[in-house]
2 protein chains.
Amino acid sequence: MADTVTAAATSTNAASKSERAYASVKTRIVDGTYSPGYRLVLAKIAEDLGVSVVPVREAIRRLEAEGLVKFERNVGATVAGIDPTEYLYTMQTLSIIEGAATALSAPLIGPADVARARSVNAEMRDCLTHFDPVRFTQLNQDFHSVLFEHCPNPHILDLVHRGWNRLASLRSSTFRFVPGRAHESVDEHEELLQLIESGAGADEIERAARLHRSATLDAYLAQSNS
Amino acid sequence: MADTVTAAATSTNAASKSERAYASVKTRIVDGTYSPGYRLVLAKIAEDLGVSVVPVREAIRRLEAEGLVKFERNVGATVAGIDPTEYLYTMQTLSIIEGAATALSAPLIGPADVARARSVNAEMRDCLTHFDPVRFTQLNQDFHSVLFEHCPNPHILDLVHRGWNRLASLRSSTFRFVPGRAHESVDEHEELLQLIESGAGADEIERAARLHRSATLDAYLAQSNS
DNA sequence: GTCATAGTCATCGTATACGATTTCGTACTC
DNA sequence: GAGTACGAAATCGTATACGATGACTATGAC
């Protein structure tokens with residue numbers, strides 16, 4: 001007992017337990033350890049993390065507010081849905097937010113950024129010849145990160161990240177690589193970069209970025225329907 | 001003591017205390033009872049609501065995840081910022097989300113909806129002659145609600161509502177009526193309705209809706225700078 | 001008068017305990 | 001064999017207690 005208390009006091013120095021619980025559970029959801037539908041039993045998570053249920057409960061509620069967790073009174077928490085419709089809506093929302101984020105960033109993207117994005121895109125192209133879907137997906141994320149990172153509006157940036165988290169949590173169970181689409185995607189990246197370099201208007205960039213994401217969504221849907 | 005427990009058991013039937021705490025605090029933030037910067041002391045709120053601190057704490061954390069509350073470890077919670085920049089970013093984000101929501105709803109908006117929106121807009125025009133800014137603001141919200149309510153994407157709808165909550169919490173301390181802009185606003189509403197009736201493309205409707213919101217933002221800014 | 005320091009107070013953070021609710025399995029009846 | 005009712009187990013919900021932390025204040029030295 002005394003040991004427990006001492007340990008608690010010590011570990012508290014770094015970050016609150018509720019914070020740690022939040023981060024841990026979120027990570028596990030996003031990386032697929034807890035896949036959609038997984039039942040999150042408060043007491044069990046608390047035991048796993050070596051804390052009591054109160055901070056875990058708090059963490060779960062925060063994740064619920066972010067949409068990663070579904071919570072039902074007196075029943076429990078589960079990792080939020082795998083519903084294909086949900087996936088579609090999330091992608092659609094993300095395409096809108098990402099489009100706006102890219103457009104807002106565009107005027108602040110310098111030659112160095114474009115060069116970096118281009119090198120990432122080149123590596124993506126390599127992944128297509130070596131067939132490395134996992135790396136490809138990671139690089140894709142990196143590519144878009146370059147486009148976003150200068151976005152001056154923190155809310156939009158936050159929404160982009162949330163969308164990605166949500167998508168990641170779904171993708172871990174639903175992701176399938178679409179080779180044909182991947183080639184187009186790389187080409188569209190280059191087009192996007194040229195558009196930015198040319199100093200195109202925000203509207204034009206936004207539309208291009210959004211269409212890029214939408215096309216990916218369509219490809220997923222086409223594949224899952226077949 | 002026994003009384004307290006009994007009362008607790010009874011009231012639990014309706015909704016969880018954490019739920020009630022969440023709703024109460026949120027309402028008070030949005031309606032301006034707790035204005036930005038207001039210090040939210042857990043124990044005090046708990047006492048006000050007649051519950052213990054645990055559910056209050058949970059509610060506060062959820063509100064934090066929604067951006068309505070700022071929470072600092074071992075320091076406390078305050079109602080989130082009144083920073084003008086914050087206001088600008090929120091409005092900008094909202095204009096993007098609202099534009100998308102309107103565009104997605106447009107194909108599902110029927111003649112009855114248009115008629116309803118038009119009647120709301122007519123009443124808004126009346127408010128201009130009677131000079132009733134409060135009512136005007138409320139009607140404005142109603143008008144846009146009509147445009148959104150058919151939006152099939154629940155995420156986007158959710159974001160719109162959050163944006164409004166956030167804006168409401170800020171506006172309660174920063175809102176000032178801009179008569180000139182109000183007239184334009186009413187005219188733009190009519191234009192929007194005509195656009196929808198004409199079966200215009202999603203892009204066109206989205207842009208119009210977004211510009212409408214942006215113009216309002218610009219008017220606010222112009223006024224606060226003068 | 002100003003700055004540093006120590007001590008107190010307010011407040012948060014979490015563990016524990018126990019009550020409330022739901023769920024699931026089992027036995028009983030038709 | 002199917003359906004229902006009852007009861008036990010699992011799990012959530014919240015109060016209470018106490019420790020930890022940061023902010024504020026008073027006191028002293030310079």
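Lettering follows sequence order; numbering is per chain, from 1.
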I need the residues from residues 39-49 of chain B with at least one non-hydrogen atom less than 4.0 Å from DNA chain D; give them sorted by number, or say none.
none
Side chain of Lys17(A) (C-beta onward), nearest among dG13(D), dT14(D), dT14(C):
dT14(C)
Of the listed nucleotides (dC12(C), dC12(D), dT16(D)), which one gets closest to any side-chain atom of Arg57(B)?
dC12(C)
Describe the nucleic acid contact of Val54(A) in one word from base, sugar-phosphate, nothing, applying a heavy-atom distance below 4.0 Å.
base
Measure the distance from CG on Asn74(A) to C1' on dT21(C) and round it to the nearest whole Å.
4 Å
Pair listing, side chain to side chain donor-acceptor pair (under 3.5 Å) test, anchored in residues 43-58 of chain A, at least two apart:
Ser18(A)-Glu58(A), Arg57(A)-Glu58(B), Glu58(A)-Arg57(B), Glu58(A)-Arg61(B)
Quick one: Arg73(B) CZ to dG13(C) C1', roughly how many Å, whole number?
7 Å
Can you tell me the distance, in whole Å, between the CD1 atom of Ile60(B) and the P atom of dT14(C)?
16 Å
Can you name the ring-ring contact (aromatic ring centres under 6.0 Å, His included) partners of Tyr38(A), sequence neighbours left out?
Tyr34(A)
Working to the nearest 0.5 Å, report the span between CZ of Phe71(A) and CD1 of Ile60(A).
7.5 Å
Stretch residues 61-70 of chain B: residues that reach within less than 4.0 Å of DNA chain C through a heavy atom
none
To the nearest angstrom, the CZ-C1' distance between Phe71(B) and dT11(C) comes to 10 Å
Just how far, in rounded Å, is P of dG13(C) from CD of Glu19(A)?
9 Å
Short side-chain to backbone donor-acceptor contact, Thr137(A) and Pro133(A), under 3.5 Å
yes
Between Glu66(B) and Arg62(A), is there a salt bridge with N-O shorter than 4.0 Å?
no
Quiz: residues 150-159 of chain A side-chain donor-acceptor pairs under 3.5 angstrom, not counting sequence neighbours:
from: His150(A); atom 1: NE2; to: Asp113(A); atom 2: OD1; distance (Å): 3.4
from: His150(A); atom 1: NE2; to: Asp113(A); atom 2: OD2; distance (Å): 2.9
from: Asn153(A); atom 1: OD1; to: His155(A); atom 2: N; distance (Å): 2.9
from: Asn153(A); atom 1: OD1; to: Ile156(A); atom 2: N; distance (Å): 3.4
from: Asn153(A); atom 1: ND2; to: Tyr89(B); atom 2: O; distance (Å): 3.1
from: Asn153(A); atom 1: ND2; to: Gln92(B); atom 2: OE1; distance (Å): 2.8
from: Asn153(A); atom 1: ND2; to: Thr93(B); atom 2: OG1; distance (Å): 3.1
from: His155(A); atom 1: NE2; to: Glu86(B); atom 2: OE2; distance (Å): 3.0
from: His155(A); atom 1: NE2; to: Thr90(B); atom 2: OG1; distance (Å): 3.1
from: Asp158(A); atom 1: OD2; to: Arg162(A); atom 2: NE; distance (Å): 3.4

Treating Thr216(B) as the side-chain partner and His212(B) as the backbone partner, does any N or O pair qualify as donor plus acceptor under 3.5 Å?
yes
Pairwise salt bridge (charged side-chain N to carboxylate O under 4.0 Å, His left out) hits with a residue in residues 144-157 of chain B, at least two apart:
Arg116(B)-Glu149(B)
Determine yes or no for a side-chain-to-main-chain donor-acceptor pair under 3.5 angstrom, with Thr78(A) supplying the side chain and Gly37(A) the backbone.
no
Assert: residue with more 5' nearest nucleotide on DNA chain D, out of Ala77(A) and Pro55(B), is Ala77(A)
